[in-house]
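Only one structure is covered here, and it is reproduced in the block below.
Predicted model, so just to flag it, every value in this text is computed and none were measured.
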Amino acid sequence: MPRFWFSRLRVIALLTLTSIVLITLDVRDSPIIDKTRSVFDKLFTPVESGARTITKPFVNAWHGITDYAEVRDENRRLRDLIAKQQGAQIAAEASIREGQELLALNGLPNLAGIDSVSAQVVGESSLNYTQTIEINKGSSSGLKVGMAVLNAAGLVGKITEVSENRSLVMLITDPSYTIAVKIVAPYNDNGDTTDSTTTTTQPVVTTPSIPGFTPNETAYTTTTLPGQTTLVTIPSQIDGIQWRESGALEGRGPGNEPVIRFIEDSTRFGQIQVGSRVMTAGGAFSIAPPGIVVGTVSRIEERGGTLGPILHVRLTAEVTNLNFLRILLYQPSTEIPNK
Amino acid sequence: MSDFLVYVVRVFTRPYARLSLLALTVLALQTTVFADTSFAGVHGQVMVLLAACCGAQMGVERGVIAGFVIGFMYDLVLTTPFGVASMVLAIVAATAGLSGTFFMAPPWWAKCLAVAIASIVGEVAFPLLLNVVGVEGWMDARVIKVCFVVGSVNLLLSPVGLALVRWAMKLAPPRTLKRSASIA
């Protein structure tokens with residue numbers, strides 16, 4: 001065997017061994033790796049900022065050339081959409097406010113009671129095998145690992161790394177991302193509820209009280225001004241909108257819709273249909289509070305046996321084009337240290 | 001003060017110090033301009049290009065060490081498990097360095113081709129190694145698109161990358177037929 005082969009093999013073996021040691025240290029959450037990354041981050045940030053400033057004209061020119069037609073079409077589409085949405089927004093805001101009031105009265109968690117921090121996206125992952133973005137807020141703004149990140153349209157991801165003034169956000173499309181979600185039946189504006197086989201129109205009736213609801217037996221309290229009457233508007237068959245199913249939403253990489261798994265097969269699956277709303281489920285162990293909009297069911301993939309179906313989800317937030325984000329300063333009860 | 005400056009200048013005229021500075025500059029470009037731009041949804045990989053150029057210019061033994069160090073620097077800014085990029089870029093450099101075993105003095109086009117092939121090997125090795133360490137979900141049909149785009153971009157940029165590594169390492173310029181004839 002030639003001498004250089006021995007030397008070559010020795011070098012390769014040594015470097016492979018070093019890589020394995022590094023990977024093992026990182027997988028075991030060694031503080032050495034975190035510290036090294038943190039120190040390098042501090043040293044490299046000014047270099048990166050300088051490079052970003054210098055290369056900005058080139059990046060802008062590239063986007064100008066490659067995205068011009070797409071942006072023009074999108075702009076036209078968005079103008080139409082805004083016109084359509086303006087009417088619906090007023091009705092939706094009123095419904096949200098009513099819903100939040102009801103949740104607050106019953107002592108249930110809701111998004112309105114959670115503080116948030118706004119941040120701007122300053123960078124994307126340079127690797128083709130991660131789905132992360134960098135934002136310009138960090139621990140100095142109260143951000144912690146695990147916090148939910150959303151934009152105006154819905155859930156976007158979660159914080160995975162935090163430095164003083166920067167954080168990394170793992171996008172909802174990353175294959176490592178998982179979150180508990182609930183699937184809620186679609187509910188039309190005019191009170192229509194639909195199922196998978198037939199479409200039925202159920203009239204909305206106005207009643208002075210919710211059927212089966214006894215104020216003295218629950219925590220529900222309400223105050224009315226003298227002379228005012230409280231009217232609660234509900235569909236005649238409340239079961240039609242109350243059902244929900246839970247599952248785990250998983251990302252599947254860029255360009256692929258996330259899927260929901262771990263739904264046991266049940267008779268209610270007939271009710272899950274394309275268009276059903278997907279929202280975060282919340283709970284003591286979930287990193288996100290309940291009620292954040294995730295998307296809608298776009299496709300149902302049936303599986304044999306007792307396995308439940310796989311639901312494909314069309315996200316409401318467009319994760320490929322993010323700018324301003326909101327980070328909910330929410331931690332599940334299991335993560336809050338005891339005083 | 002002037003002595004210190006002279007010392008600093010002398011340090012940065014050494015080949016490996018120059019290569020480190022070159023790697024830092026390329027890393028800055030990777031995390032800014034190449035992170036913000038993409039072609040068909042795929043980001044260009046200039047860190048992979050640099051590692052491959054080191055392998056093609058310096059041979060397997062020295063190239064694999066340079067590739068490992070470049071990968072280590074890349075690991076410091078990535079969110080993937082630490083050490084994966086180090087190992088992948090060492091593999092990339094070793095693959096590119098193997099071009100030297102097929103030619104006595106590889107011509108420029110063979111080095112460019114070796115850089116492109118090594119880049120493709122790197123783009124396959126990344127999701128494979130991620131899968132091994134438990135980060136699943138990346139080994140799908142998209143890898144083919146990533147390999148094609150990264151391989152093509154790195155093939156186009158390889159003459160620049162090879163020239164930069166040759167400058168940093170103070171290597172002799174490639175021998176052309178004309179020069180060889182004049183030497184003879």
Side-chain angles (χ1 to χ4, degrees), chain A residues 4 7-8 10-12 14-16 18-27 30 33-34 36-37 39-41 43-44 47-56 58-60 62-63 66 123-130 132 134 160-161 168 170 174-176 250-256 320, chain B residues 24-25 27-39 41-47 59-62 64-65 67-68 71-88 90-91 94 97 123 126-127 129-130 132-138 140 142-143 146 149-150:
Chain A
F4 75 90
S7 165
R8 182 179 291 180
R10 198 166 49 181
V11 167
I12 290 169
L14 193 69
L15 293 179
T16 308
T18 313
S19 298
I20 291 167
V21 169
L22 287 172
I23 292 167
T24 312
L25 283 173
D26 194 31
V27 169
S30 163
I33 301 289
D34 291 342
T36 313
R37 269 185 168 147
V39 169
F40 188 79
D41 184 51
L43 294 172
F44 188 61
V47 179
E48 198 183 36
S49 301
R52 198 175 288 282
T53 310
I54 295 164
T55 57
K56 201 165 187 174
F58 173 77
V59 174
N60 288 344
W62 174 266
H63 286 304
T66 56
E124 282 182 46
S125 168
S126 55
L127 194 64
N128 289 308
Y129 302 108
T130 52
T132 52
E134 195 178 352
T160 49
E161 270 184 49
L168 285 177
M170 180 192 281
D174 192 294
S176 303
E250 294 171 1
R252 291 200 310 142
N256 296 322
T320 52
Chain B
L24 196 68
T25 312
L27 183 64
L29 288 175
Q30 179 71 68
T31 56
T32 54
V33 69
F34 285 92
D36 294 340
T37 56
S38 61
F39 184 76
V42 177
H43 298 289
Q45 293 296 317
V46 277
M47 289 300 274
V60 176
E61 288 88 354
R62 289 199 302 159
V64 83
I65 295 168
F68 183 86
F72 190 90
M73 288 171 77
Y74 203 13
D75 262 329
L76 289 166
V77 298
L78 292 176
T79 52
T80 50
F82 204 97
V84 170
S86 310
M87 197 186 257
V88 168
I91 292 168
E123 290 307 305
F126 246 120
L129 263 175
L130 285 175
V132 169
V133 297
V135 184
E136 293 173 358
W138 291 107
D140 58 10
R142 185 174 169 269
V143 174
V146 173
V149 174
V150 173

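In this structure, chain A has a heavy atom under 4.5 Å from the backbone of B:S38, while its side chain stays farther away. With a 4.5 Å cut-off on non-hydrogen atoms, B:F68 touches chain A through its side chain but not through its backbone. Only the side chain of B:L130 has a heavy atom closer than 4.5 Å to any heavy atom of chain A. Using a 4.5 Å cut-off between heavy atoms, B:V33 contacts chain A through both its backbone and its side chain. For B:L27, the parts lying near chain A are the backbone and the side chain together; criterion is any non-hydrogen pair under 4.5 Å. Both the backbone and the side chain of B:I65 come within less than 4.5 Å of a heavy atom in chain A. Looking at B:Q45, the atoms closer than 4.5 Å to chain A (heavy atoms on both sides) all sit in the side chain, from C-beta outward. Looking at A:F58, the atoms closer than 4.5 Å to chain B (heavy atoms on both sides) all sit in the side chain, from C-beta outward. When heavy atoms are compared at a cutoff of 4.5 Å, A:L15 approaches chain B by way of both its backbone and its side chain.
The candidate with the highest count of non-hydrogen atom pairs below 4.5 Å against chain A, out of B:T80, B:L29, B:L24, B:V133, is B:T80. Contact count versus chain B (heavy atoms, under 4.5 Å) is highest, among A:S176, A:G253, A:G251, A:P254, for A:P254. For the set B:M73, B:E136, B:M47, B:M87, the entry with the most heavy-atom pairs within less than 4.5 Å of chain A is B:M87. Chain B forms more heavy-atom pairs under 4.5 Å with one residue of A:N256, A:I33, A:D174 than with any other, namely A:I33. Here B:D75 is the residue among B:V46, B:D140, B:D75 with the most heavy-atom pairs under 4.5 Å with chain A. With chain B as the partner, the residue from A:S125, A:S49, A:S30, A:G123 showing the most heavy-atom pairs under 4.5 Å is A:S125. Each of A:V59, A:V47, A:L127, A:T55 has some count of heavy-atom pairs under 4.5 Å with chain B, and the biggest count is that of A:L127.
Under the salt bridge (Lys or Arg N to Asp or Glu O under 4.0 Å) criterion, A:R37 pairs with A:D26, sequence neighbours left out. Taking the side chain to side chain donor-acceptor pair (under 3.5 Å) definition, one finds that A:E161 meets it with nothing, sequence neighbours left out.
The CG atom of A:N60 sits 13.5 Å away from atom CH2 of A:W62, with the distance rounded to the nearest 0.5 Å. Residue A:I20 holds its CD1 atom at 12.0 Å from OG of B:S86, rounded to the nearest 0.5 Å. For the atom pair NZ (A:K56) and OG1 (B:T32), the distance works out to 12.0 Å, reported to the nearest 0.5 Å. One finds the CG atom of A:D41 at 12.0 Å from the CG atom of A:D34 (value rounded to the nearest 0.5 Å). Here the straight-line distance linking atom OG1 of A:T66 with atom CZ of B:F39 works out to 9.5 Å at 0.5 Å rounding. Separation of atoms CZ (B:F126) and CG (A:N128) is listed at 9.5 Å; rounding is to 0.5 Å.
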B:V77 and A:F40: side-chain contact (heavy atoms from CB on, under 4.5 Å), yes or no, with the steps? CA-CA 8 Å; B:V77 298; A:F40 188 79; 3.8 Å; yes
Check against side-chain contact (heavy atoms from CB on, under 4.5 Å), B:V149 and B:E123: CA-CA 10 Å; B:V149 174; B:E123 290 307 305; over 6 Å; no
